[in-house]
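Report on the structure given below.
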Amino acid sequence: MNRKEFIQRSSAAAALLGLGAFPLEALAAGELMKLTILHTNDQHSRIDPFPMDGTKYQGLGGFARRAEVIRQIRAKEKHVMLLDSGDIFQGTPYFNKYHGEIEIRLMNDMQYDATTIGNHDFDGGLDNLALRMDQAHFPFVNANYGVNHTPLKGKLKEYKIFKKGRVRIGVFGVGIEMAGLVAKNMYGDTQYNDPITNANRIANILRHDENCDLVICLSHLGFKYDNPKVSDEVLAKSTMNIDLILGGHTHTFFDAPLTYNNAEGKTVLVNQVGWAGICLGQIDFYFDHKNRKQTGNNSPIKIVPINS
Amino acid sequence: MRKSGYIYIAALLLLASCTTRMTPVQYSAAERRMTDSLKGFDPRMAATIKPYRDSMEAEMNQVLVVSDTVLTKQMPESDLGNLLSEILLQKAEKYGKRHVDVAMINFGGIRLPQLPKGNVTRGQAFELMPFDNLLVLLELNGDLTQQLFDRMAGAGGVPLAGARYVISKDKKAISITIQGKPFDPSKKYVIALSDYLANGGEKLDMLKPIPQIETGVLLRDIFIEGFKDINARGEHLKSIKDGRVTAE
């Protein structure tokens with residue numbers, strides 16, 4: 001199999017970009033396909049914008065506002081995915097009073113495609129999480145939590161494959177160690193397994209068995225730590241077959257996605273958009289639609305800011 | 001028919017196995033801030049939210065106390081951290097029905113980075129402490145007390161009342177005083193904290209075997225009661241840093 005590598009471009013596309021052409025013409029010509037990935041992390045039940053009370057994030061965020069921005073993007077773009085990296089729950093009285101019902105309902109309305117489990121998504125207990133998973137019109141994906149002896153059995157998926165146009169996208173998730181972070185009675189018999197081993201296992205399946213063009217990991221490990229604790233940075237460097245890691249947990253605001261070399265020297269993108277729905281992340285991928293053959297051109301993917 | 005069907009499937013499989021994946025040739029990215037300047041919101045979603053909000057706000061908009069300043073959570077010591085841990089220490093004596101030496105809160109357990117100036121509502125108390133953590137007391141020997149202080153120092157300084165210490169260069173707690181007296185390793189100390197910490201949260205595994213003196217009172221309810229007490233005395237929330245935790 002002649003697998004094309006992520007963040008490489010075919011000679012035709014290279015020539016196109018080399019001429020300085022933004023891919024709009026190529027899009028129009030049907031040579032490139034644009035896939036828009038929208039993403040959030042650590043929404044923390046912030047249903048309404050932060051109140052205007054003089055604090056740091058006053059006036060920012062809000063589900064109804066985000067829904068409108070997403071609606072406008074969907075009206076403009078043909079291929080859109082909406083993803084979340086966990087910690088949907090906990091942080092405003094909405095969660096204390098409604099236990100996640102409203103968050104899931106509004107995420108259904110916004111047509112989220114997938115999320116993963118953050119440590120705070122255990123905060124209402126496993127039965128509550130199982131109930132919310134049932135209510136969600138989108139899957140919760142995680143590849144390193146063993147849930148066979150919990151109410152999440154049969155509900156939590158390791159991954160899901162999406163098809164947008166001719167592009168196959170594999171989405172899986174990894175979660176943080178619960179011990180010491182989540183009260184034991186909340187995560188019950190959920191088993192924490194090594195995220196790296198399981199990320200490699202699933203990414204390999206998605207790339208080689210499921211033949212995905214793009215492999216996305218929804219991670220709630222956290223961006224990076226000043227100790228050896230596993231993080232998105234560690235995950236990016238020590239795995240293969242992942243193209244994009246959408247992170248969370250550390251509430252880190254990235255100015256732009258970071259690029260790392262993975263375990264086989266290929267580029268992987270990492271992004272995280274703070275918390276509380278203050279930002280909506282957007283990454284547009286342009287796929288070489290016409291020239292599907294590997295050409296051996298190793299020049300890196302071009303990064304262009306979106307004028308929003 | 002049947003035979004050609006098989007051939008057709010075989011041809012498809014052959015095609016599939018030869019197909020190379022598509023490759024992204026370019027990406028572009030934006031972080032879209034959800035700000036006031038966008039002005040737009042989805043009216044349908046706003047309508048969905050409204051009954052939830054109305055019901056919640058009826059309960060949560062109750063003003064507990066007024067704050068004279070913005071109070072901020074910081075390491076190694078902060079006005080907000082001092083305020084909450086002082087309330088915890090005082091209420092721990094009430095609900096524990098005994099003398100309590102030290103009250104501590106894990107830094108991540110206070111979920112609002114700032115408490116605003118002006119009215120402090122029940123809703124903000126929930127945002128400060130959304131978890132249903134219960135107050136427990138632990139009686140620790142000198143060795144475990146030192147270990148706990150070292151962990152507080154190692155974390156960079158967490159909200160604390162009833163004690164003072166210095167974070168040494170190697171991130172240990174030194175020059176500890178408890179209830180105004182130098183730390184005595186031969187003494188036992190009563191510590192007020194959340195059941196989350198007492199059960200080994202934040203990797204405080206050494207606390208797990210210690211018998212817990214339970215109070216059955218939520219930390220959040222303690223803060224709410226503390227705020228109401230201050231209001232009932234006709235006072236406003238105020239708090240200062242007093243150098244109880246410093247770094248060497």
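Order of the sequence lines sets the chain letters (A, B, ...), proteins ahead of strands, with each chain counted from 1.
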Working for side chain to side chain contact (heavy atoms under 4.5 Å, CB included), residues B:Phe131 and A:Met186
CA-CA 11 Å; B:Phe131 314 121; A:Met186 292 299 177; over 6 Å; no

For A:Tyr94 and B:Met56, run side chain to side chain contact (heavy atoms under 4.5 Å, CB included): C-alpha distance rounded to whole Å, both residues' side-chain angles, the deciding distance at 0.1 Å, then the answer.
CA-CA 7 Å; A:Tyr94 278 108; B:Met56 189 193 66; 3.7 Å; yes

Proximal component of A:Arg168, with respect to chain B [non-hydrogen, under 4.5 Å]:
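Contact with chain B is absent: no heavy atom of A:Arg168 under 4.5 Å.
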
Where on A:Lys56 is there a heavy atom nearer than 4.5 Å to chain B: the side chain, the backbone, both, or neither?
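Contact with chain B: backbone and side chain both.
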
Any ring pair (Phe, Tyr, Trp, His ring centres under 6.0 Å) involving residues 45-72 of chain B? Give me the pairs, sequence neighbours left out, ordered by first then second residue.
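Checked against ring pair (Phe, Tyr, Trp, His ring centres under 6.0 Å) - neighbours excluded - the pairs reaching residues 45-72 of chain B are A:Tyr98-B:Tyr52.
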
Could you measure the distance from the CG atom of B:Leu71 to the OG1 atom of A:Thr55? Nearest 0.5 Å is fine.
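B:Leu71 CG to A:Thr55 OG1: 12.0 Å, rounded to 0.5 Å.
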
From A:Phe50 atom CZ to B:Leu112 atom CG, the distance as rounded to the nearest 0.5 Å:
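Going from the CZ atom of A:Phe50 to the CG atom of B:Leu112 covers 8.0 Å.
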
Electrostatic pair A:Arg71:B:Asp42 at N-O distance under 4.0 angstrom:
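No, this pair does not count.
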
Charged N-O contact under 4.0 Å between B:Glu127 and A:Arg46
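Salt bridge: yes.
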
Which pair of heavy atoms, one from [X] and one from [Y], lies closest together, and at what distance?
X: B:Pro116; Y: A:Asp53; answer: CB-O, 3.3 Å
X: B:Pro130; Y: A:Gln90; answer: CB-OE1, 3.0 Å
X: A:Pro93; Y: B:Met60; answer: CB-CE, 3.6 Å
X: A:Lys97; Y: B:Ser55; answer: CE-OG, 3.2 Å

Under a 3.5 Å distance rule, please check whether B:Tyr196 uses its side chain to pair with a backbone N or O of A:Gly180 as donor and acceptor.
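Confirmed, B:Tyr196 side chain pairs with A:Gly180 backbone.
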
